[in-house]
Structures are given as structure tokens and as C-alpha cells.
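Only one structure is covered here, and it is reproduced in the block below.
Letters go in sequence order (proteins before strands), and every chain restarts at 1. What you see below is based on every heavy atom in this structure, not just the backbone, and it leaves out hydrogens, waters and symmetry mates.
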There are 2 protein chains.
Amino acid sequence: MGNGTQLIRQENLHIQAYEYIKSAVIAGEIEPDTLYSVHQFATILGVSRTPVREALLLLVQEGLLTMDRNRGFRIRQLTGSDLSEIISLRRMLEIPAVETLASMTPAPVTAFAEARMLYDKLQEAADKGDFLQFLSLDRRFHLTLVGALGNSRLTRLVGELRDQMQLPGIRRLSISGELHTQGPEHLALLTAIQDADPGRAAAIMKSHLDRTQADWA
Amino acid sequence: MGNGTQLIRQENLHIQAYEYIKSAVIAGEIEPDTLYSVHQFATILGVSRTPVREALLLLVQEGLLTMDRNRGFRIRQLTGSDLSEIISLRRMLEIPAVETLASMTPAPVTAFAEARMLYDKLQEAADKGDFLQFLSLDRRFHLTLVGALGNSRLTRLVGELRDQMQLPGIRRLSISGELHTQGPEHLALLTAIQDADPGRAAAIMKSHLDRTQADWA
DNA sequence: GTTTCACATGTAGCATGTTACTCACTTGGA
DNA sequence: TCCAAGTGAGTAACATGCTACATGTGAAAC
């Protein structure tokens, strides 16, 4: 059968299902502690069970979901030790990343410009209290910076780790109040990098991670 | 533990297929530049195409294989920039890892003992010129050490990065001659860690990665 | 009241049928 | 000889049928 309204849709269904479900998980549209079946998602997406199952298996491997045999799939609940594992990895990756970024010659000015633009939008979202938008822009801000290093595996990895931290299991509320404290921190980081001050950039990143861990404990 | 004694074998077929194909890839039993079909593996393993396809998709996500739409699957060819990405990540992860390892109190003596045992076997394999055995023990040696840190995500990640480096695309020969130069390096690393000398351990790890990158260029 | 057990329900898991695509090869015309 | 359209084999990709299993429920046995 034809592809409906899409002129050319060259992307596999399981990829599309993967993107959709992943977004839903991160946006919090999926209930924790609730079992979801392949059939449910297949019905929602209007495709058969096969590509949906494939997508779910990828998400399990990525650590966003867990699988209960013959029961269904559910959002992974992070424990405290999961969190420290993730934060520990982020320390190893993101601190050297911003250091290197601040030392690059020539400086990746286009990435800086884009990060600056994202920061502006970020502040806007913080003012409006638009939590989801804030999270999305926060993610893009950091991935833009890390991406300027040109290491695609690093960029992807950092993204995955950040995504995992959006999972429930740890208290995630009260962040609404932190929206405005986070803003200046982003700007300070960007400024330090643009000033080619690796030490300051690293220190900001480190304190950010420290505080994140403390907050979620 | 050993599933020989296990009465019922309750592991999903796609997991078993995943393990099997991954081993085959790393052991070099799979020809590079050759397209393999789901059907081929399914026939070899004596199962249907579904779990095999699921396994292959996981391996694609992991970066060991690539997928040619409507053509088949093949081993991923690493380019020079792939290699530098991987080495760069390994630097960020493995150097801090051995540093931390050397600073741990109490020291993880059981892991040290196991690493020492693996080192002995490693030397034995090097003497015999058993290349595959050497690679397998080398992998276990490093993962045992990293595993002692207790960060399961880190351990898994390091393992995946090392696996990717076993892929062809870069000259991998002449390593036979290096088998004996690698041996002492392993011992030096282990000794530095056991001596609680983070700086020395880090230096050894760093030079190892530098040399690895230079060799493969 | 408590335990046991048969059964109904819904699911993952696997097998298999079907479709549509890619590409090597052939064929025919200039 | 060259090139272009045609075609056929093989494949991923998707849909669907079927099986085994985990679990909740309720009646029967104690």
C-alpha cells in the first residue's frame, strides 16, 4: 500500500517507532510502574507489532525500558546507584569535553553562536515556566557544545546519559524552582569556553554535576 | 551458573543469536565486505528469521554491523576517524578508571587476584602464539580491573569500545609480533595499581592507548 | 478462614507469509 | 562497441498467525 500523505518516507518503521516511544518516555507521557504491551503501541502508531517490538528491544538495550517476560515493557526505574553510575560517567566525559572545547584553535564559533541562541530560548522557556521546552533546549545546548568536538560517538553517548537521567525513580520535581538558577550557569559555562578558559569551564561543569547529584539524592 | 546444569534454558532466542553473532564477528569468522542475510544466520542457528533480525538490529545499534537496505548486513568498516573517536573515548574512560582503581580503599584484592591469574594465562597464550585466546584474555583482564570499580555502565561501555576496535578496516596484523611486548605492559599496569600509584597507572594506560592509536594508523 | 488448584486472560516470543525494494545481469537497439 | 531499458533473483521490511508462559481469579477442598 502507498505511504499515504508522505511523499517518500524512506526511514524504517522501527526507527520511527523508536523515536516516537523514546520521545514519549522522556516527555513523561509514559506512566512509570505501568506495563505497556507491544500491541498498545502498535495500535497507537498504526503499524504492526513487528517494528514496534524491534524499537522496544532497542530501548531496552539503551537502558530506558525494562522487559517483563510475557508481561510487557515498562519504564526503567533508576536507583541511587544507577544515578551515581551515570553521573560518574558524565564527569569522565563532559568535564574533559568542555576543557577541550575551551582550548580549541580555531574556536568553533558557529557552535558558540548556536549555543548562544539556544541559551536565549532557554531563558525564555524558564521565564514562561515551560518545563518540557526547557529540558529540550537544555539538551540541545549541551549537545551542541559537545558536538563541536566532532566526536559523534561522544555526542551520542552524552545524549544517552542525559536521557537516562530524565527517567523517574528519583525525585525530579522542585526543578521548576531551579529553572532560573540553571540559566546563569549555562551562560557562565558558555562564557568560560568562549574566553578560552579551560579551568573555569571545567570547574563550572564539575559543580553543575555535583549539584545535580546532590539534588537528586 | 553454568547453564549445562540448568534444567530449563530460559533465555530468549534473540539474546542467544546476539551472543553468537557477536562472538563470530569478534573472532573474525565473519568475512568483511561480505553481505550476510538474516536467512543465512537463521539457517545456521536453526531458528526463524525473527529473533535473528532482532539480534542483528541490536548489533547495528551497537556499531558492530551496518545494514544495507534490502541487501543485507555486513561488518562495519572502521575509518581512521572512527578509530580516533574510539581511542579518544577510551582515554576519557580508562585513564581515570585506573587512577581511581589505584586509589581505592580498601583495595579490591579479589579483582587484583583474578587479574593476576588472567595475566598468567595471557602470557601463556602469547607464548603459544594463540592470537584469539590472547585477545579474549586481554579483554577479560581489562574488564576485570574496570569492573572492580563497580560501575556496570562503565564496564559495559569499555567492553563495547574495545570490541569495536577488533573490527577490520585498519591493519590488525603484525600484532602477532606484538604479543610479547604487550605482556609486560599488562603486568606493569597491574603492579602500578596494586602499588597504589595512580600517576604511574595512568601513565602506563595513556602510553598504551597512544601506541595503540599509532600502530593502527 | 486458609490453602490449593484449575482456568481464563493477556502477553512476549517465535514462526511464517507477503510486499516492495535493490542491484546484477541480460537483451536489444544504435 | 556502447548504452539503456528490462527483468529476475535475493533481500530487508513488514504483517500476521500461533504457542508457551506468567499472572490474577475464583471455586473447591481442607
Side-chain angles (χ1 to χ4, degrees), chain A residues 1-22 24-25 30-77, chain B residues 3 6-22 24-25 30-77:
Chain A
M1 89 159 172
N3 279 312
T5 58
Q6 314 267 3
L7 288 177
I8 6 174
R9 190 49 162 166
Q10 192 58 327
E11 203 162 15
N12 293 345
L13 288 188
H14 80 266
I15 303 281
Q16 299 179 54
Y18 169 87
E19 304 285 356
Y20 175 87
I21 298 171
K22 183 170 180 174
V25 168
I30 307 282
E31 204 67 27
D33 297 319
T34 304
L35 279 167
Y36 291 86
S37 70
V38 177
H39 178 74
Q40 287 177 38
F41 287 115
T43 304
I44 292 172
L45 296 172
V47 298
S48 80
R49 307 191 306 272
T50 304
V52 171
R53 175 174 160 86
E54 290 167 358
L56 290 171
L57 289 178
L58 291 178
L59 289 166
V60 167
Q61 165 159 294
E62 198 172 319
L64 290 182
L65 300 180
T66 59
M67 194 169 35
D68 282 23
R69 186 182 174 93
N70 293 322
R71 291 291 290 163
F73 295 78
R74 76 176 82 209
I75 290 197
R76 174 148 183 193
Q77 294 278 0
Chain B
N3 43 42
Q6 201 160 344
L7 289 177
I8 35 176
R9 169 90 170 164
Q10 191 53 304
E11 201 163 15
N12 291 347
L13 288 188
H14 80 266
I15 303 282
Q16 298 179 52
Y18 169 86
E19 305 286 358
Y20 176 88
I21 298 172
K22 183 170 181 175
V25 168
I30 307 281
E31 229 21 63
D33 297 319
T34 304
L35 279 167
Y36 291 86
S37 70
V38 177
H39 178 72
Q40 288 177 38
F41 287 115
T43 304
I44 292 172
L45 296 173
V47 297
S48 81
R49 306 190 306 272
T50 304
V52 171
R53 174 174 162 84
E54 289 166 358
L56 290 171
L57 289 178
L58 291 179
L59 290 166
V60 167
Q61 166 161 289
E62 197 172 321
L64 290 182
L65 300 180
T66 60
M67 195 169 35
D68 282 23
R69 188 181 173 93
N70 293 322
R71 291 291 291 162
F73 295 79
R74 76 175 84 211
I75 289 197
R76 173 148 185 193
Q77 293 280 0

Would you say the side-chain atoms of [X] pair up with the backbone N or O of [Y], donor to acceptor, closer than 3.5 Å?
X: Gln16(B); Y: Glu11(B); result: yes
X: Tyr36(A); Y: Ile75(A); result: no
X: Thr34(A); Y: Pro32(A); result: yes

Quick tally for nucleotides 11-18 of chain C: nucleotides whose base has a protein heavy atom under 4.0 Å get B, sugar-phosphate-only ones S, the rest -, giving BBBSBBBB
Nearest-Å distance, CD1 (Ile15(A)) to P (dA12(D))?
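Atom-to-atom, Ile15(A) to dA12(D), this comes out as 15 Å.
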**Request:** For the residue pair Leu58(B) and Leu58(A), establish whether any side-chain heavy-atom pair is separated by less than 4.5 Å.
**Result:**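 Sidechains of Leu58(A) and Leu58(B): in contact.
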- Heavy-atom side-chain contact between Val25(B) and Leu59(B) under 4.5 Å: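 Val25(B) does not reach Leu59(B) side chain to side chain.
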